[in-house]
Amino acid sequence: MIRPASPEDSSAITALWNWMIQDTLATFTTTTKTRAELETRITAQPSQFYVAENKGVFAGFVTFGPFRPGPGYAATVEHTIIIDPKAHGFGIGRALMAQAETAAHAAGKKVMIGAISSHNPAAIRFHERLEYMKVGHLPGVGHKQGHWLDLILMQKNL
């Protein structure tokens, strides 16, 4: 089941997001999220944050927001999607992305961007299956846990 996120989801979202931040190279950030930060974000952006449940259990989330500041980028958004590893293979990511793309399009957005670590080839394949095109490869622009990371930019016109 895909539904809009609520502040009550912030604990589960925080735990999943912080796991990815702390334990993987899938994101370049090292700054963990707080429950209060996510509660505020969910409340401020209710049409930009969705969660998935599988048999009543939190399975992942997707959110989107501005790609870059400035009016010239107003129709372009960037998304973040994280699925609990135990929930992979059930179509949850595909369903979350469909919801985010629909919501972004309804809000007048024309382009959705995925910014993906080269250390996350499964995410690259996932986006390719959803008809995202690789539009950029920035070698060695990120550094985390002693590794230099490439950034892969993927785009879909909504």
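Residue indices begin at 1 and follow the sequence shown. This is a predicted model, so every value here is computed, not measured.
From Ser11, atom OG reaches atom CD of Glu39 across 7.0 Å, with rounding to the nearest 0.5 Å. Here Ile92 contributes atom CD1 and Ile2 contributes atom CD1; the two are 7.0 Å apart, rounded to the nearest 0.5 Å. Taking CG of Asp9 as the reference point, atom CZ of Arg3 lies at 4.0 Å (rounded to 0.5 Å). In this structure, the separation between OG1 on Thr29 and CD on Gln22 is 10.5 Å, given to the nearest 0.5 Å. The CZ atom of Arg129 sits 12.0 Å away from the CD1 atom of Ile124 when rounded to the nearest 0.5 Å. To the nearest 0.5 Å, atoms CD1 (Ile13) and CG (Asn18) are separated by 11.5 Å.
Minimum interatomic distance between Leu16 and Pro85 (heavy atoms only, all atoms of both residues): CD1-CD, 4.5 Å. Taking all atoms of both residues into account, the shortest heavy-atom contact from Pro4 to Val51 is O-CG2, 4.4 Å. The shortest heavy-atom contact between Ser10 and Pro7 is OG-O, 2.8 Å. Looking at every heavy atom in both residues, Ala100 comes nearest to Met112 through O-CE, 3.8 Å. The shortest non-hydrogen separation linking Ala104 to Leu158 is CB-CD1, 3.8 Å. For the residue pair Gly108 and Ala75, the shortest heavy atom distance occurs at O-CB, 4.3 Å.
With sequence neighbours excluded, the residues satisfying side-chain contact (heavy atoms from CB on, under 4.5 Å) with Leu151 are Phe28, Ala115, Leu138, Val141, Leu153. Here Phe61 pairs with Trp17, Phe49 under the ring-ring contact (aromatic ring centres under 6.0 Å, His included) rule; sequence neighbours left out.
Transitive grouping of hydrophobic side chains (ILVMFWY, heavy atoms separated by less than 4.5 Å) brings Met133 and Val111 into a common cluster. Hydrophobic cluster membership is shared by Phe126 and Leu96, with clusters built from Ile, Leu, Val, Met, Phe, Trp and Tyr side chains linked at under 4.5 angstrom. There is no path of hydrophobic side-chain contacts, each under 4.5 Å, that joins Ile42 to Val77. Linking Ile, Leu, Val, Met, Phe, Trp and Tyr whenever their side-chain heavy atoms come within less than 4.5 Å puts Met20 and Phe58 in one cluster. In terms of hydrophobic clustering, with Ile, Leu, Val, Met, Phe, Trp and Tyr side chains grouped at heavy-atom distances under 4.5 Å, Leu38 and Ile21 are assigned to a common cluster.
No option in Phe67, Phe64, Tyr50, Tyr132 other than Tyr132 meets the ring-ring contact (aromatic ring centres under 6.0 Å, His included) test with His79.
Applying the side-chain hydrogen bond (donor to acceptor under 3.5 Å, both in side chains) test to every pair with at least one member in residues 139-152, sequence neighbours left out, gives these pairs: His137-Asp150.
Between the side chain of His105 and the main chain of Glu101, no donor-acceptor pair closer than 3.5 Å is present. In this structure a side-chain-to-backbone donor-acceptor pair under 3.5 Å is missing from Ser118 to Leu149. A donor-acceptor contact shorter than 3.5 Å links the side chain of Lys109 to the backbone of Ala74.
For the pair Thr76 and Arg68, the minimum side-chain heavy-atom distance is 4.5 Å or more. Proximity of Met97 to Ile81: side-chain heavy atoms (C-beta onward) are separated by under 4.5 Å at one or more points.
Other residues, nucleotides and ligands contribute over 12 non-hydrogen atoms within 6.0 Å of the CE atom of Met1.
A salt bridge between Glu37 and Arg41 is absent, with no side-chain N of the basic residue lying under 4.0 Å from a carboxylate O of the acidic one.
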>> Ile116 vs Met154, test: side-chain contact (heavy atoms from CB on, under 4.5 Å). Steps then yes/no.
In response: CA-CA 8 Å; Ile116 305 166; Met154 301 190 77; 3.6 Å; yes

